[in-house]
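Naming convention: chains lettered A, B, ... in sequence-line order (proteins, then strands); numbering from 1 in each chain. Basis for what follows: all heavy atoms, side chains included, without hydrogens, waters or symmetry-related copies. What you are looking at is a predicted structure, and each value in this text was computed from that prediction instead of being measured.
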Amino acid sequence: MIREYTTTVEISGPLMLVDGVEGVAYEELVEIELPDGEIRHGKVLEIDSRMALVQLFEGSSGTGIAESKVRFLGKQVELGVSEEMLGRVFDGQGRPRAPFDTAPPIVPEKMKNINGAPINPYARDYPAEFIQTGFSSIDGINTLVRGQKLPVFSGSGLPHSAVAAQIARQARVVGEGESFAVVFAAMGITFEEADYFIRDFRKTGAMDRAVVFMNLASDPAIERISTPRMALTAAEYLAYEKDMHILVILTDMTNYCDALREISAARKEVPGRRGYPGYLYTDLSSIYERAGRIKGRKGSITQIPILTMPEDDKTHPIPDLTGYITEGQLILNRELHKKGIYPPMDVMESLSRLKDKGIGKGKTREDHADLFNQLMAAYSAGKDSRELAVILGAAALSPLDQKYLKFAEEYENRYISQGEHENRNIEETLDLGWELLKLLPRDEMKRIDPARLDKYWPVSEEDGPG
Amino acid sequence: MTRGTIDKIAGPLVVADGMKDARMYDLVYVSDYKLIGEIIELKGEKASIQVYEETGGLKPGDPVEATGKPLSVELGPGLVTAIYDGIQRPLDEIRKEAGDWITRGIGIRGLDHAKEWDFIPVAAVGLNVTGGEVLGEVPETNIITHRIMVPPEVSGEIVWMSEAGKFNIDTIIAKLKISDGSILELPMYHNWPVRKPRPIAEKKAPEEPLITGQRVIDAFFPLGKGGTACVPGPFGSGKTVIQHQLAKWADAEMVIYVGCGERGNEMTDVLQEFPELEDPKSGEPLINRTVLVANTSNMPVAAREASVYTGITIGEYFRDMGYSVALMADSTSRWAEAMREMSGRLEEMPGEEGYPAYLGTRIAEFYERAGNVKCRGGDRNGALTVVGAVSPAGGDLSDPVVQATLRVVKVFWSLQAKLAYARHFPAIGWLDSYSLYTDNLKEYYDKALGPEWVPMVKEAISLLQREANLLEIARLVGAESLSPEDQLILFTARSLREDFLHQNAFHEVDTYTSIVKQKLMMEVIMHTNAEMRKAIRGSVSPGDLFELPLKEEIARMSYIPEDHLDDIEAIKEHVNSQINDLIEKEQTA
């Protein structure tokens with residue numbers, strides 16, 4: 001039963017209030033027909049026995065109180081899915097997106113509610129398969145595993161797009177030849193950024209195994225609310241019903257949150273920090289928690305959301321709440337970027353919470369965990385020495401501090417830094433770690449199990465140079 | 001039973017009309033899906049209901065049915081090893097019924113009513129019993145004997161007791177003649193409302209530490225059994241690892257782990273790891289003493305609000321049996337946020353940062369349910385220890401949830417991002433953390449570790465405090481310009497930090513340290529400090545002392561297994577001989 005109303009009483013921002021409605025359900029999909037025949041979409045945000053509050057996905061410009069026809073469609077927002085989605089570019093609502101995609105709409109195999117349902121924690125399988133991204137700063141230090149959600153915290157002007165594209169290009173599970181299929185959702189990014197990804201996907205052939213959802217900066221902001229949900233619905237279909245391993249890249253989450261704030265402000269809700277709604281955490285978790293693996297199902301969803309931190313401030317609500325939900329974060333650092341280091345990965349502040357189960361014997365190599373701990377401790381000490389050198393002058397440092405200082409420099413220039421098309425395997429990354437540690441005295445290796453130290457750095461070997 | 005209809009739907013809040021006879025906090029079923037909800041406000045005939053499941057698709061006019069009973073949990077055999085959602089629905093059963101995703105309107109009871117248990121009667125006919133008295137026992141797992149108690153608020157004379165046998169929990173195991181002369185039949189389980197603390201006979205101050213095997217906690221900032229602690233810290237500082245470590249190694253007899261609004265994968269981690277890990281005391285799988293409550297961040301927000309109450313009620317129930325119970329809640333901030341969300345939807349006047357004005361009261365009430373107690377109905381003591389993680393916005397400790405929590409808890413483990421970045425774990429800051437139980441526990445430690453332990457710890461803490469001051473000076477003038485004795489302070493403090501406080505949760509030996517080993521380790525460090533100070537006063541160059549190979553041996557102490565503790569003791573001898581050799585060498589030179 002489709003019910004049509006012309007009883008709109010209020011339009012404010014992206015919201016529309018319709019009076020005298022009956023039998024309308026919460027979260028129901030709405031179609032609005034403008035006088036010129038244009039069709040817009042929305043969903044029911046709040047409903048009582050008389051009024052329905054409708055959120056318009058494409059914004060309210062051009063809608064009028066008198067002439068808009070509002071139809072309630074009796075179902076929730078859905079996305080038509082099929083394997084034909086691979087290689088296609090859609091807009092924020094799942095329609096082919098010109099000029100990137102001019103082919104006719106896909107023939108859906110089935111319709112899926114874009115909100116998904118929470119995965120039963122009991123049904124989850126713990127992510128434990130190491131993903132080799134080819135970046136030493138990720139594989140060696142902040143290891144990514146299949147089914148993890150690991151965001152990139154960036155700032156304006158930093159090369160997060162290049163890093164994300166490189167991960168998408170290089171990500172492999174060691175021992176399995178199969179690469180990941182990529183589901184890419186762009187929210188409020190510029191045409192140029194979007195074009196960069198699409199061209200990169202096309203150039204490397206990744207496009208055949210990619211599904212792209214695109215809401216550009218010029219598209220309606222409100223559409224950004226549904227864009228990541230569309231993308232994740234497609235990802236869930238491909239992962240859990242078609243046994244594929246999916247890498248989901250969501251960029252830029254900051255634009256998503258701003259759209260959410262816009263709706264919240266229009267609803268005159270009590271604002272939380274910096275004007276974002278109090279339920280921002282819950283809302284973000286309904287996106288991020290859709291990553292994972294499920295027992296007995298072959299596919300998986302690994303998520304790499306990208307967000308730009310306003311003023312590089314990690315305590316801003318968006319990075320802050322994201323960090324509380326995701327399993328770690330990769331932070332790009334402006335200082336390293338200025339030094340010309342690519343990727344400018346801040347390994348100290350970055351973290352992968354799931355790395356411990358994904359590394360070690362049978363996954364990467366037995367020495368990985370100890371090596372990681374020692375590298376981090378040494379780099380931290382090296383940075384302290386660097387600070388000291390700024391105050392006292394490098395000459396005044398103790399011999400040990402000088403060694404640490406040297407280590408920090410080499411670590412940044414050789415370990416963190418690598419080429420945009422350099423794909424290091426895990427062995428290379430680990431061996432490079434040992435090579436750098438040998439710049440330090442052997443008895444400083446406090447974080448390494450003695451037996452392992454003897455194996456990888458025999459006592460007979462002299463202390464390294466310097 | 002009151003029946004009404006839906007008037008308004010806004011997210012997890014549903015307003016129902018025609019609810020005149022309903023009472024606050026009554027459990028209600030919403031719509032034909034029978035979604036579970038709880039009444040949180042009454043205005044005239046309208047009741048505001050927080051719904052514990054997704055509300056999408058509900059319509060005004062749908063039926064609402066009040067049960068007249070508050071939200072309760074089922075307490076009886078079958079709790080141990082269970083994994084529940086926020087309103088005590090077993091997640092494994094939900095998966096069997098609904099598949100890998102949680103759908104709506106699944107009505108599964110908290111306990112398995114078909115499973116049969118070995119029941120052994122304890123009480124005898126003719127006895128006058130009150131709430132809490134033990135009627136019988138069920139060996140639930142190899143570690144936990146489930147004591148079937150007279151429900152609180154019930155008393156009377158036992159007129160019939162069941163024989164020993166194998167029964168399901170619905171079986172009547174005792175009949176009481178109560179004050180009005182009628183006969184009350186008692187099955188093996190009873191219900192208890194989650195928001196109401198279970199009664200106790202008497203509350204006492206904690207006298208024993210909860211040994212956690214974590215050096216920074218047991219030695220520096222110990223938690224008493226029956227006490228409360230709070231672990232605030234920014235993301236990435238290791239709150240969850242600490243909570244997991246406590247759940248694994250704390251010497252509690254029962255552990256309740258509440259994952260409140262946190263990551264799904266973290267609960268999976270616990271679920272997969274606990275059946276494999278061994279309890280260090282009994283050698284049994286850890287899961288056999290654990291109840292999990294998991295309401296992950298993407299599960300309905302209202303059920304998240306209920307999850308901490310579900311957890312603590314189950315904790316109190318095991319405490320009443322006379323067990324020492326530890327409850328970990330990760331994270332209480334998510335619980336507070338759920339309260340904030342519901343409060344916002346009710347259009348209540350907000351307090352600080354949009355949190356409701358009653359935030360502090362609710363937090364205090366929650367932690368006050370912890371305690372070292374004398375149980376009702378018999379001569380048993382139980383303890384319920386509560387450790388709450390707090391996730392302050394931006395890691396800022398002025399956050400209302402942190403501040404409200406610090407007002408009630410006695411132990412504060414301050415997690416610091418700076419330590420986490422340097423990969424110093426557990427990242428508990430030694431300068432601003434505190435424990436107010438040190439005095440209560442002194443007697444225990446004096447007995448267990450000798451009277452020298454407490455003063456030694458005090459000395460170690462003061463060394464670390466002096467280090468902080470000295471480091472500031474050293475930063476300006478260079479460490480070499482400090483006096484030799486000050487240089488020694490820096491040396492020893494570093495050793496305390498790196499060789500004692502730092503602990504690797506993922507190393508099979510280092511993950512747990514007995515208090516005996518903790519004492520030995522600290523003794524070695526402090527002994528070295530004392531010997532070096534003597535040598536320095538005998539004008540040995542500090543630089544030469546600090547280069548001695550003993551450093552490396554001390555750094556490896558933490559990896560020495562518990563059954564080789566003599567090896568730690570022996571280090572002291574090596575320290576003596578190395579320092580003496582150096583003194584001789586310098587004297588002859």
Side-chain angles (χ1 to χ4, degrees), chain A residues 23-28 46-49 76 115-127 147 269-273 278-279 281-282 285-286 289-290 292 294 297 315 317 320 323-325 327-329 348-349 351 354 356-357 369 373 376-377 380 388 391-392 396 398 443 446 449-450, chain B residues 7-11 15 55-61 83 91-92 94-95 100-103 235-236 263-265 267-269 271-272 294 296-299 301 334 337 340-341 344 350 353-354 391 393-396 421-423 475-476 478-480 498-499 504 506-507 549 551-552 555-556 559:
Chain A
V24 169
Y26 178 62
E27 299 226 306
E28 189 169 336
E46 202 174 299
I47 173 90
D48 63 24
S49 45
Q76 296 189 27
N115 287 325
I119 302 177
N120 187 332
Y122 192 79
R124 278 183 188 270
D125 207 354
Y126 198 74
E269 289 172 335
V270 179
R273 282 174 73 216
Y279 49 80
Y281 176 86
T282 307
S285 71
S286 71
E289 279 289 336
R290 289 171 81 171
I294 293 180
R297 291 182 196 253
T315 66
D320 188 46
Y324 276 125
I325 304 165
E327 283 131 358
Q329 66 279 337
M348 303 301 274
E349 295 204 16
L351 168 76
L354 301 185
D356 298 295
K357 296 272 161 68
N373 280 318
M376 290 307 292
S380 166
L388 215 57
I391 303 169
L392 301 172
S398 71
D443 64 3
K446 291 187 176 183
D449 192 273
Chain B
D7 178 57
K8 177 184 163 181
I9 306 140
V15 178
T55 50
L58 298 191
K59 291 176 187 165
I83 173 165
L91 286 169
D92 45 349
I94 292 182
R95 184 176 183 222
D100 295 337
W101 283 270
I102 297 175
T103 47
F235 63 81
R263 305 174 181 92
N265 279 330
M267 294 317 298
T268 312
D269 187 21
L271 272 173
Q272 296 192 345
T296 58
S297 56
N298 55 339
M299 282 156 75
V301 68
R334 306 300 161 226
E337 278 167 13
R340 173 167 72 182
E341 190 169 338
E353 300 227 6
S391 321
D396 176 5
Y421 298 152
R423 296 310 193 258
R475 203 158 286 146
L476 294 175
E480 275 65 33
E498 294 185 357
D499 308 329
N504 185 350
F506 300 100
H507 188 282
K551 217 167 59 169
E552 203 166 334
R556 308 236 171 275
Y559 300 124

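Only the side chain of B:Met267 comes within less than 4.5 Å of a heavy atom of chain A; its backbone N, CA, C and O stay farther away. Only the side chain of B:Asn504 comes within contact range of chain A, with heavy atoms under 4.5 Å apart. In this structure, chain A has a heavy atom under 4.5 Å from the side chain of B:Leu271, while its backbone stays farther away. Using a 4.5 Å cut-off between heavy atoms, B:Ile83 touches chain A through its side chain atoms alone. Residue contact with chain A, scored on non-hydrogen atoms closer than 4.5 Å, involves the side chain of B:Arg340 exclusively. Contact of B:Ser391 with chain A is made through backbone and side chain together, with heavy-atom distances under 4.5 Å.
Looking at A:Tyr26, its side chain does come within 3.5 Å of a backbone N or O of B:Gly11 through a donor-acceptor pair. Listed for the A:Glu269 side chain is no donor-acceptor partner under 3.5 Å among the backbone atoms of B:Gly344. Within the 3.5 Å criterion, the main-chain N or O of B:Leu91 finds a donor-acceptor partner in the side chain of A:Asn120. Under a 3.5 Å cut-off, the side chain of B:Arg263 and the backbone N or O of A:Tyr324 do form a donor-acceptor pair.
By number of non-hydrogen pairs under 4.5 angstrom with chain A, the leading residue of B:Glu552, B:Arg556, B:Glu353 is B:Arg556.
For the residue pair B:Asn298/A:Ser285, the side-chain donor-acceptor check at 3.5 Å is not satisfied.
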Self-check item: side chain to side chain contact (heavy atoms under 4.5 Å, CB included) between B:Lys59 and A:Ile47, intermediate numbers included
Solution: CA-CA 8 Å; B:Lys59 291 176 187 165; A:Ile47 173 90; over 6 Å; no
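For the atom pair CZ of B:Phe235 and CG of A:Leu351, the computed distance is 9.0 Å after rounding to the nearest 0.5 Å.
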